[in-house]
Amino acid sequence: MRPRTIVSVIFAFVLSLTLVLIPTTQNESPNKAVAVNMKILESARAVYRVYLEGNSIGVVESKKELEDYIDKEQESIKKKYKVDKVFAPNDLDIVKEYTYKDEVSTAKEIYQKIREIKGSEAFTINGYKIFIGGVEVETEEGTVKTDDIVFYALDKDVVYEAMERTIKAFISDSEYKAYLNDTQPEINYTGKRIENLYIENEKKITQERIPTGEMIYTDVDTLSQFLLFGTLNQQKQYTVKEGDTIEEISFNNEISTEEFLVANTNFSSSKDLLYVGQVVTLGVLNPQFRVVEEDYVVKEQSVNYETKYENDNTQYVGYEKVKQEGQNGLSVVTQIQKKVNGETIATTTTNETVIKPSVDRVIIRGTRQYSTSGGWGTNYEVPVGIGSWVWPTQAPYTITSPFGWRWGKLHEGTDISGCGYGSPIKAANNGVVVESKYDGYNGNYIIIKHSNNYHTMYAHLATRYKQAGDVVLGGDVIGLMGNSGFAQGTHLHFQVSTAYPITANRSMFFNPLTLYR
């Protein structure tokens, strides 16, 4: 009962005593006055005052009669939710009191007042209220707390199954079962072991009377859609055309291949074949909670050969001659990986065993420079030609987030991690530094202009070694890997564009990995 309701009841009862306790006169005996007052009190009868939203809307003879009348009038709600009982609104209080007056309302009259004030959707049924608390996340604007989520369901098993289905959207069914049953296979040479799997958000489920005016989930499919996509709206459909691939359909419709596979559970890989006329679902994921997976991973990793240069100042920049061909090596690396909703946000390499060492590629290159007119931005005259593309980090490394769409936004570069905080970052090719700055999103970053109007960007650096106007050659160390700016963990955001400034035209971005194929 609400405090204000308790106060009003006490006040009403005291007032009624004041009215019936008639003061005695000097000529009346105290015993006679008490007898008169007791007789009046005995004539008072019990009734029930009805409060809605803290305000009295009338008095009824019987609390049960009103409750039964409300239940009897809600046949449509019973049929819709397949329940046997409908209750009053949650903010309706029925309080017993005593009166000697005859002014009472019928159950029907009180029911009609409830309908007039609250509408038919205020009545309640037994069910479950689910609370999912917001969490603090890093965004472009800084650290923000996501919204709390509240929803309702008739059956708690529907809630548990829908949440489990959402978890399994980001982890295979076999891995999930093995983790739950503690039957994950031992890692003999390579493999993965899930160390921890949990929902980061606070979760509460309470049984209570839930308002029928709210969305009440009754089946697993509908609730699963809400938990994955944040909406019950029909997801976009696409009809497959000749030559389509899952990767192309996903990118052209601004979703990731992972989102495509979650929305189309009949596919297991982005390499699966499609057929003309096939209808697929295109949905942007907006999970209502954060599934955190912490993995211990041991894997083979190809070690890209390093490109070493021998400078020749008798030849102009742009001249290259291969002295020794390179050969990739092979290592077994041990890593600790953290994923949130299937996306790897942090990788730490704890061990590396070289199985086959790589062989450096050795190139003789010219270092004699042409004259340049200088300038700024797109007016820079690049005093170096395009040489061989150099991988910007050391090995071992992991691509934690590739170029492409994710969560409804274009990820304009490739995130590379696993090399360690403070590991060297190298210029991907010959060029001129056009920007070396800090901002809240990219942190410490460097942009290099190359020939043919290529521009590469290196973001979230711990340290910048180069400044605007510096000439760099492919493989030169330009800074150190870090996590400055908007970065979830230590990594390099490596980006390639054919336009400058970098943000001028998103259509000019392309996948950096194509430079190394």
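Because the structure is a prediction, the values reported are computed rather than measured.
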Got a second to check how far [X]'s [atom1] is from [Y]'s [atom2], nearest 0.5 Å?
| X | Y | atom1 | atom2 | result |
| --- | --- | --- | --- | --- |
| Ile399 | Thr344 | CD1 | OG1 | 11.5 Å |
| Asn341 | Arg290 | CG | CZ | 7.0 Å |
| Ile416 | Ile425 | CD1 | CD1 | 7.5 Å |
| Thr490 | Asp415 | OG1 | CG | 12.0 Å |
| Asp173 | Arg165 | CG | CZ | 11.5 Å |
| Thr349 | Gln337 | OG1 | CD | 8.5 Å |

Quick check: do [X] and [Y] have side-chain heavy atoms less than 4.5 Å from each other?
| X | Y | value |
| --- | --- | --- |
| Leu180 | Glu164 | yes |
| Val159 | Lys203 | no |
| Tyr516 | Asn304 | no |
| Glu136 | Val144 | no |
| Ile171 | Tyr179 | no |
| Trp389 | Val496 | no |
| Met215 | Phe151 | no |
| Asn351 | Val298 | no |

request  = Inspect the contact between Glu254 and Lys236 and indicate whether a charged nitrogen and a carboxylate oxygen are less than 4.0 angstrom apart.
outcome  =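 So Lys236 does not pair with Glu254 through a salt bridge.
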inquiry  = Regarding Arg193 and Glu195, does a basic nitrogen lie under 4.0 Å from an acidic carboxylate oxygen?
reply    =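 Yes, charged N to carboxylate O under 4.0 Å.
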Can you name the closest pair of heavy atoms from [X] and [Y] and give their distance?
| X | Y | value |
| --- | --- | --- |
| Val220 | Val158 | N-CG1, 3.8 Å |
| Ser423 | Gln394 | CB-NE2, 3.6 Å |
| Thr183 | Lys177 | OG1-O, 4.4 Å |
| Gly230 | Gln288 | CA-NE2, 3.3 Å |
| Ser302 | Asn328 | OG-CB, 3.8 Å |
| Met481 | Thr393 | CE-CG2, 3.9 Å |

inquiry  = For a quick check under 3.5 Å, do Tyr454 and Thr456 share a side-chain donor-acceptor pair by atom type?
reply    =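 Result is no, nothing qualifies.
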query = Will you find, in the side chains of Glu352 and Ser331, an N or O donor that is under 3.5 Å from an N or O acceptor?
reply =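 Side-chain D/A pair, Glu352 to Ser331: present.
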Using atom types as modelled and distance alone, determine if a side-chain donor or acceptor of [X] lies under 3.5 Å from a backbone N or O of [Y].
| X | Y | value |
| --- | --- | --- |
| Asp476 | Leu473 | yes |
| Arg209 | Thr124 | no |
| Gln327 | Pro357 | no |
| Asp360 | Val362 | no |
| Asp312 | Thr314 | yes |
| Asn444 | Thr463 | no |
| Glu208 | Lys129 | no |
| Gln315 | Asn313 | no |
| Glu200 | Tyr198 | no |
| Gln301 | Tyr397 | yes |

Mark yes when over 12 heavy atoms from residues, nucleotides or ligands other than [X] sit less than 6.0 Å from its [atom1]; otherwise mark no.
| X | atom1 | value |
| --- | --- | --- |
| Lys321 | NZ | no |
| Lys204 | NZ | no |
| Gln324 | CD | yes |
| Gln237 | CD | yes |
| Lys156 | NZ | no |

key: Criterion side chain to side chain donor-acceptor pair (under 3.5 Å) against Gln335, the qualifying member of Thr347, Asp295, Thr398   =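 Exactly one candidate clears the test, Thr398.
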key: Aromatic ring proximity Tyr438/Tyr445, centre distance under 6.0 Å   =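 Between Tyr445 and Tyr438, which both carry aromatic rings, the centre distance is not below 6.0 Å.
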request  = Just do the side-chain hydrogen bond (donor to acceptor under 3.5 Å, both in side chains) check on Thr222 and Asp219 with the steps written out, would you?
outcome  = CA-CA 6 Å; Thr222 305; Asp219 65 277; 2.9 Å; yes
request  = Just do the side chain to side chain contact (heavy atoms under 4.5 Å, CB included) check on Ser358 and Glu306 with the steps written out, would you?
outcome  = CA-CA 8 Å; Ser358 61; Glu306 295 280 346; 5.6 Å; no
With a cut-off of 3.5 Å and sequence neighbours excluded, list every side-chain donor-acceptor pair involving residues 271-280.
{"unit_1": "Lys271", "atom_1": "NZ", "unit_2": "Glu247", "atom_2": "OE2", "d": "3.1"}
{"unit_1": "Asp272", "atom_1": "OD2", "unit_2": "Ser268", "atom_2": "N", "d": "2.8"}
{"unit_1": "Asp272", "atom_1": "OD2", "unit_2": "Ser268", "atom_2": "OG", "d": "3.4"}
{"unit_1": "Asp272", "atom_1": "OD2", "unit_2": "Ser269", "atom_2": "N", "d": "3.2"}
{"unit_1": "Gln278", "atom_1": "OE1", "unit_2": "Tyr275", "atom_2": "N", "d": "3.2"}

request  = For Tyr189 and Val332, run side chain to side chain contact (heavy atoms under 4.5 Å, CB included): C-alpha distance rounded to whole Å, both residues' side-chain angles, the deciding distance at 0.1 Å, then the answer.
outcome  = CA-CA 9 Å; Tyr189 177 58; Val332 175; 3.3 Å; yes
task = Show the numbers, then the answer: is there a side chain to side chain contact (heavy atoms under 4.5 Å, CB included) between Val472 and Ile448?
result = CA-CA 8 Å; Val472 295; Ile448 300 174; 3.9 Å; yes
inquiry  = So if I apply the ring pair (Phe, Tyr, Trp, His ring centres under 6.0 Å) rule between Phe260 and each of Phe267, Tyr238, Trp405, which one comes out positive?
reply    =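 Result: among Phe267, Tyr238, Trp405, Phe267 is the only option passing the ring pair (Phe, Tyr, Trp, His ring centres under 6.0 Å) with Phe260.
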task = Starting from the C-alpha separation in whole Å, work towards a yes-or-no answer on side chain to side chain contact (heavy atoms under 4.5 Å, CB included) for Leu285 and Phe170.
result = CA-CA 11 Å; Leu285 294 182; Phe170 307 110; 4.0 Å; yes
task = Would you sort out whether Glu435 and Tyr500 count as a side-chain hydrogen bond (donor to acceptor under 3.5 Å, both in side chains), showing the intermediate values?
result = CA-CA 11 Å; Glu435 282 190 49; Tyr500 185 85; 2.5 Å; yes
